[in-house]
Every structure is written in structure tokens, then in C-alpha cells.
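Okay, so here's the structure we're looking at.
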Amino acid sequence: MGESTFVASQETTQPRARQRPVHSLRLQMDVPLVLIVASLLVIGLLAVYSSSWEFSLREYEDTSGVFLRQVGFVLLGSGVAVVLSMFDYHLYRKLAVPMMLATIGLLVLVIILNRNNDAEYSRTLFGASVQPSELAKLVAIIYLTVWLASKQAQLNSLSIGLVPMMVILGITAAIIMIQPDFSAAITVVLLGITLFFLAGSDLRQIILLVLIIALMGVLVYFISDTAQERINNFEIGLKTPTEAAYHVKRAFEAVIKGGLFGVGIGRGTTKYMGGLPVPWTDSIFAIVAEETGLIGASVLVLLFLAFIWRGTLIANRAPDLSGKLLAGGVTFWIGFEAILNIAGLLNLAPVAGNALPLISAGGSNMVATLAGIGILFNVARSDHRKQTDTEGRNYRAVVDLRGRNGGRRVSRRGRSAGRISQ
């Protein structure tokens, strides 16, 4: 009798120990982010082909010339993203300084080699195929993340926090502006402010930092003809839209032609010669609005908002400060560039000349953006691993506890049964 009771007790407790935790079936990737990025890339490739086929036919005698180059950049950037998604972001602590020095070296090389070049290629290297200022945005995020995480306890000290921060941002932004690339310089500066804020610095230091940068912006306005022209065109466009800058008027024309549902993919006319300048790059949002209408343009905007939401969620869930800063920096960078491009095209902000992330044609921007997204995926994977480890430990603890309690109950039952049988 005691023996049968002991066996029955084992059968009731043992199967529980053989159960598998639910988390073992989870994917270690952020599926919503994958879908958002994939959707943006598909829309971008369609828009690039539609807006560049006429130019490609004239320049390359092939309607797919620009499109095929962009497909190559997307594949290259996707490969980089996959690699970086598996590269532990904590290892950037050792790589941040060499990466920053190399990037500054490339920016200086641009200035040296392109002193007498045409303005169109004054920001590029190696036959206009590499634009270091795009790389500088991502490297600045990585470097500032490592630096701020290491100085977290001392950020509220002016000599250790704000002053070194200003030196880092000032040198990088100044070199970029000499090229000149105002949009990249603005992005780097705003990234610094954002990361400084996310790192938990004192509000007074953030206000002081904003005031100093604002004064520097005023100085740039008075010494730069390009900055004056863009801001003046923005003011004129706000007062009298019919007298706005040429490309802004063409963008308005594209939006009006598109209406609610658009004229159809491939059927837009603003992209032809005499319309929007290089519509497959900075002005590509206007082509999307013309060919897919306000509905298609709204979908594109909503996808970028969804990206910002997902990136913010990943940053909030990051297991440490470095992960929060990396995820927050990459999310702000891509979201800000998208907003700045669309707003500038519709004269809601001064024109910055930046590309629309994941949509505009261009190798350096596409590869750098996808590399940043790869880092974002890695932070998300770290959060998944943290949850998995926690759930695994909890599961094992419950199983062990059940096993110990069950064993004691079984022993007591066995002993009682034994006494009864005797």
C-alpha cells in the first residue's frame, strides 16, 4: 500500500518538472520593428524607381540604373544591420574612441581633398560614393553614449559634464559645417542635447547648453550666406507661398496634383526634367504625395511615427543606461531626420538638405541608417535575453520548489503508508 502511494505521488509531481517554459518559443527579435523597417524599405524602393527612371534612361540608357544601385545599398545596409544586431553593444566601450577619431579624420580629409571641387561633391570621398558626415551621426551617438555612461555620476559637474560635452560637439559640428553640411551639423548637435538629457543631467545644464547652441546658431546665421538664404526663403514662403523657394513650389504642385488618392504609381509628372530637382533624393516625399495622394503620404508619416514609438519602447526597456542611450539616440536621429526632411519640403521648417531615411536614394545615408537600426535591434535582443533569463530563473525556482515540496510530501505519505501496512 505504501509503495503504491509513493508511485502515485511521483506520477503527479514528475510531469510538472518536464514542462518547458513558454519563453523558449519566443523570437529574439522585435517583430513590429522588423515590419516597420521592411515596409519603409519597400516603399522607398518603389518611390526611387518611379522618380528616377527618366533620369536613368537619359544617363545610363537603362530605366533601372538608379534603382539597381539603391537595391545594392539596401542589401549592403541590411547585411550590416544583421551583423550589428548580433554584436553586443557593450563592446562599443572599447571601440568608441577609435571610431570617433577615424570619423573626424575622414571629415578632415573631405575638406582637404575637396577644396576646389564642385559644391555637389564637396561632402564626399572616393568619387562621390562615400559621405562621411552620414557616418558621423551614428558614430557620434556611439561615442556620446559611451562617454555619458562612464561619466554618469559626474554629469552635473560643469568641468566634467557640460564643458567636455561642448568641446566634443563643437569640434565635430564645426568640421561638418565647413564642408558645408548644415543638416548633419544640426543633427549632431541635437543628438548631443538629447543624449545629455537622457543620461540624467541637471536641467540647468541642459538649459545652459541650449542657450549656448542658440547663440552659436545666431553667429552661424550672420557669417554664412547659405544659412541666411535658407532662413530667408523659409520666412518668405510662410508669408507668401507663391514666392517660396523653387523646389518648395514644385513640392506644393506635386501635393496638389496628388489630391486624396494620387495619380497612380509611376504616373506623376513633377519628377520630370524641369520639375523637382533630383526627385529621387531630398524631394522624394513630394513624389510619394503626388502618386499615392494624401492617403499614401499619411501612411508613410504614420510608419515613421510607428518607428519612433517602437524605438522609444525599446529604449525604455533597455537593461542599462548604455542601451537606453543607444536606442534613444538612434530613434531620435532617424525620427528627427524624417520630420526635418518632410517639414522642409512643405515649408514648415527651413530647408536642411537632408535625405528622407530609408526612402531617399543614396548609399551612405542608407547604410548608416540601417547600421543604426541594427544597433537598435541588438538593444531589443538584450531586453529579450534579460526577460528570458529572468523567466528561466523563475521557472527553475518554481520547479525546484515543487520538487522539494513534492518529495517531502511523498516521503511522509510513504512513511505513513508503510506504518499502516505494517
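- Atom-to-atom distance recorded for I43:CD1 and L356:CG is 10.5 Å, nearest 0.5 angstrom.
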Next item on the list: Just do the side chain to side chain contact (heavy atoms under 4.5 Å, CB included) check on F307 and L302 with the steps written out, would you?
Entry: CA-CA 9 Å; F307 176 86; L302 288 174; over 6 Å; no
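- Between E291 and K271 there is a salt bridge, with a side-chain nitrogen of the basic residue lying less than 4.0 Å from a carboxylate oxygen of the acidic one.
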Item checked: Full working for side chain to side chain contact (heavy atoms under 4.5 Å, CB included) between L138 and W333 -> CA-CA 8 Å; L138 178 58; W333 163 39; 4.0 Å; yes
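- At least one side-chain heavy atom of H247 sits less than 4.5 Å from a side-chain heavy atom of L345.
- A distance of 9.0 Å separates CD1 of I342 from CD1 of I359, quoted to the nearest 0.5 Å.
- No donor-acceptor pair closer than 3.5 Å links the side chain of R93 to the backbone N or O of V146.
- No side-chain heavy atom of N233 sits less than 4.5 Å from a side-chain heavy atom of V351.
- Proximity of a side-chain donor or acceptor of N354 to a complementary backbone N or O of E337 within less than 3.5 Å is detected.
- Here the side chain of T281 pairs no donor or acceptor atom with the backbone of A361 at under 3.5 angstrom.
- Taken from CE in M100 to CD1 in I171, the straight-line distance is 8.5 Å, to the nearest 0.5 Å.
- Atom CE of M216 has 12 or fewer heavy atoms from other residues, nucleotides or ligands within 6.0 Å.
- Remark: the backbone N or O of L46 is not paired with any side-chain donor or acceptor of S50 at under 3.5 angstrom.
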Item checked: E290 and V255: CA distance, side-chain angles, deciding distance, side chain to side chain contact (heavy atoms under 4.5 Å, CB included) verdict -> CA-CA 5 Å; E290 180 182 9; V255 173; over 6 Å; no
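- Closest heavy-atom contact between S78 and L370: N-CD1, 3.5 Å.
- When atom types are taken as modelled, the side chain of S360 and the backbone of A355 share no donor-acceptor pair closer than 3.5 angstrom.
- With a 4.5 Å cut-off on side-chain heavy atoms, I334 and I373 count as touching.
- When ring centroids are compared, F55 and W280 come within the 6.0 Å threshold.
- F377 and S85 get closest at one heavy-atom pair: CB-CB, 3.7 Å.
- Between the side chain of Q228 and the main chain of F222, a donor-acceptor pair closer than 3.5 Å is present.
- What you find for P132 and L106 is that their closest heavy atoms are CB-CB, 3.9 Å.
- For L325 against A199, the heavy-atom pair with the smallest separation is CD2-N, 3.7 Å.
- The backbone N or O of A380 lies less than 3.5 Å from no partner atom in the side chain of D30, so there is not a single donor-acceptor pair.
- Between Y92 and Y143, the distance from one ring center to the other does not fall under 6.0 angstrom.
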Margin query: Set out, in order, the CA-CA distance, both residues' side-chain angles and the distance that settles side chain to side chain contact (heavy atoms under 4.5 Å, CB included) for F197 and I193, then state yes or no.
Written below: CA-CA 6 Å; F197 171 76; I193 297 175; 5.6 Å; no
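- In this structure, the side chains of I141 and F332 stay at 4.5 Å or more apart for every pair of heavy atoms.
- Here the OG1 atom belonging to T187 is positioned 6.5 Å from the CG atom belonging to L340, to the nearest 0.5 angstrom.
- No side-chain donor-acceptor contact under 3.5 Å links T369 to the backbone of M366.
- By the salt bridge (charged side-chain N to carboxylate O under 4.0 Å, His left out) test, R250 is found to be paired with E253, residues two or more places apart in sequence or in another chain being considered.
- In this structure, N365 and L358 approach most closely via the heavy-atom pair OD1-N, 4.4 Å.
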Notebook entry, point to check: What's the verdict on side-chain hydrogen bond (donor to acceptor under 3.5 Å, both in side chains) for Y89 and D320, showing C-alpha distance, side-chain angles and the deciding distance?
Noted result: CA-CA 11 Å; Y89 66 84; D320 53 27; 2.8 Å; yes
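- Between atom CZ of residue R58 and atom OG of residue S52 there is a gap of 11.0 Å, rounded to the nearest 0.5 Å.
- Looking at L40 and L300, their side chains come closer than 4.5 Å, going by heavy atoms from C-beta outward.
- The two residues P357 and F304 make their nearest non-hydrogen contact at O-CZ, 3.2 Å.
- Note that the CE atom of M99 and the CD1 atom of I142 stand 3.5 Å from one another [nearest 0.5 Å].
- No side-chain heavy atom of D282 sits less than 4.5 Å from a side-chain heavy atom of V278.
- Contact check for D62 versus L57: no side-chain heavy atoms found under the 4.5 Å cut-off.
- Residues P277 and Y246 form a side-chain contact, since some pair of their non-hydrogen atoms from C-beta on lies under 4.5 Å apart.
- By the salt bridge (charged side-chain N to carboxylate O under 4.0 Å, His left out) test, R204 pairs with D202, sequence neighbours left out.
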